[in-house]
Structure formats: C-alpha cells, structure tokens
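When a ligand or atom number is given, it counts from 1 through the structure's own listing order.
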Amino acid sequence: MTDQYAVIGNPISHSKSPLIHSMFAQQTGQDMSYEAIESPLDGFTATILRLRDEGYKGCNVTVPFKFEAFKLCNRLSNRARDAKAVNTLIFRDDEILGANTDGAGLLADIEKNLNFKLMWKDALLLGAGGAAAGVLWPLFNAGVGIVIANRTLEKAQLLADEFKGSGTVYARRYDELAGKQFDLVINATSSGLSDELPPLPEALFKPGALAYDMMYGRDTPFLRYAREQGATTVSDGLGMLVEQAAEAFFLWRNVRPDSKSVLEKMRA
Ligand code: NDP
C-alpha cells in the first residue's frame, strides 16, 4: 500500500512541498504520496489526529502551526526541543514524534548551495515566529552572532533570552537598527505573504553581504529592498525549502534524496 504524507498549513495552496516530495519519491523509487492540506486555524490538532487515525505516516507543518505541533508531540528531536517548534511529524504506533529540519535546511542552502561561510558572521534575523525559532540554534551553533528584530519585541526577547550570557544573541526593535550593519540579513517574517516590507533602515548590508528571504515563489518587497540596497547576494527560500524537505524525507524513508538536482529542476 502507498504510504501517505502531507503538509499542513493555512494558507497552503501556494506550497511547493508536494512537487518536491514527488520528485524525491520518483528519484529514490519510494512508494508514497504527499499532498497539501489546509487546516482550519482553530482545528490543527483535530486535523493531525484525523490524519494519523487514517493511517498517514507523517506530516510537514508550516505557517502558523509549528508551535502547536511542538505541543502535540510525545517525543522530540534535539533540534525541535531547542526550537520549541516542529515542522516534521512522524506517526509511529500511538506516538507522535516531532523534528525540526528548518535549521538544517537553511544552513545547507546558505553554506552548500550559496557557498556563503557562516562562521563568525553577524546576522540580522527578522521575525520571531516558528521559522525564526527553528533556525536560531543552528545559526548560533554555526558561530553566527545574531540580532533578532520583530514587530512584537517581546517574542524576539523570549527567543534571545535562551542565549543569555552568550554575548552574541540580542533582541532589538526595528527602529533600533539604524546605523547597524550585517553580513547576513534573513527575512523569517511572513510579511511577503501580504506583500509588505518590515520597517528596515537604509545601509544595513556590509560589503559581501547575503540577503536571504525564507519566502519563495514570488519577488517579495524584501528581495527588492535587498537589491536596491546593494546586498552582494540575494536569495529567496526555495533552496531552504528543498533542503529541509530532503531532511524530512530522510527521517521518514531512511533514504537521502539528491536535493541539488531537484533544486535545479525547480529553478528551471
Ligand atoms: P509565523 O506565523 O510563526 O510567524 C510570522 C512572523 O512574521 C512573526 O514574527 C510576525 O511578527 C512576522 N510578521 C508577519 N507579518 C509581518 C509584517 N507585515 N511586518 C513585519 N513582521 C511581520 O510564521 P513562520 O515563522 O512559520 O513563517 C515565516 C515565513 O517563513 C513564512 O513566509 C514561511 O513561508 C517562511 N518559511 C519558509 C521556509 C522555507 O523552507 N523556505 C521554512 C519555514 C518558513 P509578530 O510576532 O509581530 O506577529
């Protein structure tokens, strides 16, 4: 019988995950299906439990449910525990296992695909939702100094508090960024969904800087801003999407797909 998987979010119609996983499955000869399912905003738990009871093997979780998914799990990977957010669920017997592959996906895209070395760099991370939480510890562990800026400062502060005493992770309001410069600016807000730009000052980018928008599939105001402001490399989040999907695929199927060729096909 074909093993069933899905990605759960709201909204979800824009998701490229079904296409990516079908390419992985074809490439590796896995008998599986993968669909996009929109969950009502107040019905995430019911949606997940229904899929599990119907015999699905696992799910990806996206905006805005990653924190709820974390609370639903019986067992967690280290990365999910660090992030307190889950993007990959595995249904095993009566248990729900939770992992977070966003950080590994982002790091693989930045270091491997974009050839940008992270060690000792200074990053500005915009946003303090599930995506930001998922990449914070992996960035920190890669030796990156991080300023987290968010519309709701308290959420950024909560994330930064986990690194108290490290001297390398701080929370700031957007209006405190004027005059600061970074090697790497990552947009982990969902502002692109509403075609908006977080209120960023001029001259944020150091020479050689990388501007990275986690959003993919459209030319966002952040990508336009980064080009206008002279960021050396400007990238959307398609590579992260493919790389985090490859990690999830490996967790589910115990087979590593060739992410590079899938990314090249998606870009083409
Ligand atoms: P959440 O809903 O958990 O968090 C959204 C964040 O965006 C919050 O920090 C919120 O601020 C901020 N935000 C929303 N609108 C605006 C705005 N107009 N101006 C400034 N800030 C804003 O979402 P996620 O963290 O799960 O996802 C964020 C984005 O990252 C999405 O676009 C998602 O598609 C993308 N993503 C891409 C991945 C990839 O593989 N490429 C993987 C994961 C995510 P506040 O707290 O003040 O409300």
Quiz item: How far does CG of Leu19 sit from CE of Met266, to the nearest 0.5 angstrom?
Solution: 4.5 Å

Quiz prompt | atom 5 (C) of ligand 1: nearest protein contact (heavy atom, Å) | solution = Ser190 OG, 3.4 Å

Quiz item: Does Ala128 come within less than 4.0 angstrom of ligand 1, counting non-hydrogen atoms of the residue?
Solution: yes

Quiz item: Under a 4.0 Å heavy-atom limit, does Thr152 contact ligand 1 with its side chain, its backbone, both, or neither?
Solution: both

Quiz item: Among protein heavy atoms, which lies nearest atom 25 (O) of ligand 1, and at what distance?
Solution: Ala131 N, 2.7 Å

Quiz prompt | Close approach of Ala188 to ligand 1, heavy atoms, under 4.0 angstrom | solution = yes

Quiz item: Would Trp137 and Leu106 show up in the same hydrophobic cluster when neighbours are defined by side-chain heavy atoms closer than 4.5 Å?
Solution: yes

Exercise. Verify the distance criterion only: is there a donor paired with an acceptor across the side chains of Asp213 and Thr220 at less than 3.5 Å?
Key: yes

Practice problem: Check each heavy atom of Asp102 against ligand 1 and say whether those closer than 4.0 Å belong to the side chain, the backbone, both or neither. | Solution: side chain

Quiz item: Taking atom types as modelled and ignoring hydrogens, do the side chains of Glu247 and Thr88 form a donor-acceptor contact shorter than 3.5 angstrom?
Solution: no

Exercise. Grab the two heavy atoms, one from Asp183 and one from Asp122, that are nearest each other, plus how far apart they are.
Key: OD2-N, 2.7 Å

Self-check item: Minimum-distance protein heavy atom relative to atom 11 (O) of ligand 1
Solution: Asn150 OD1, 3.2 Å

Quiz item: Under a 4.0 Å heavy-atom limit, does Lys155 contact ligand 1 with its side chain, its backbone, both, or neither?
Solution: side chain

Quiz prompt | Heavy-atom nearest neighbour in the protein, as seen from atom 43 (C) of ligand 1, with distance rounded to 0.1 Å | solution = Lys66 NZ, 3.1 Å

Self-check item: Protein heavy atom at shortest distance from atom 3 (O) of ligand 1
Solution: Gly130 N, 3.0 Å

Exercise. Test Asp236 against every option in Lys16, Arg267, Arg218, Arg227 by the salt bridge (charged side-chain N to carboxylate O under 4.0 Å, His left out) rule and name the one that passes.
Key: Arg267

Exercise. For Asp102 and Asn87, test the side chains for any donor-to-acceptor distance below 3.5 angstrom and give the result as yes or no.
Key: yes

Quiz prompt | Met214-ligand 1 polar pair, N/O distance under 3.5 Å | solution = yes

Self-check item: Minimum heavy-atom distance Leu204-Leu177, with the two atoms named
Solution: CD2-O, 4.4 Å

Self-check item: Proximity to ligand 1 by part of Arg151, non-hydrogen separation under 4.0 Å
Solution: both

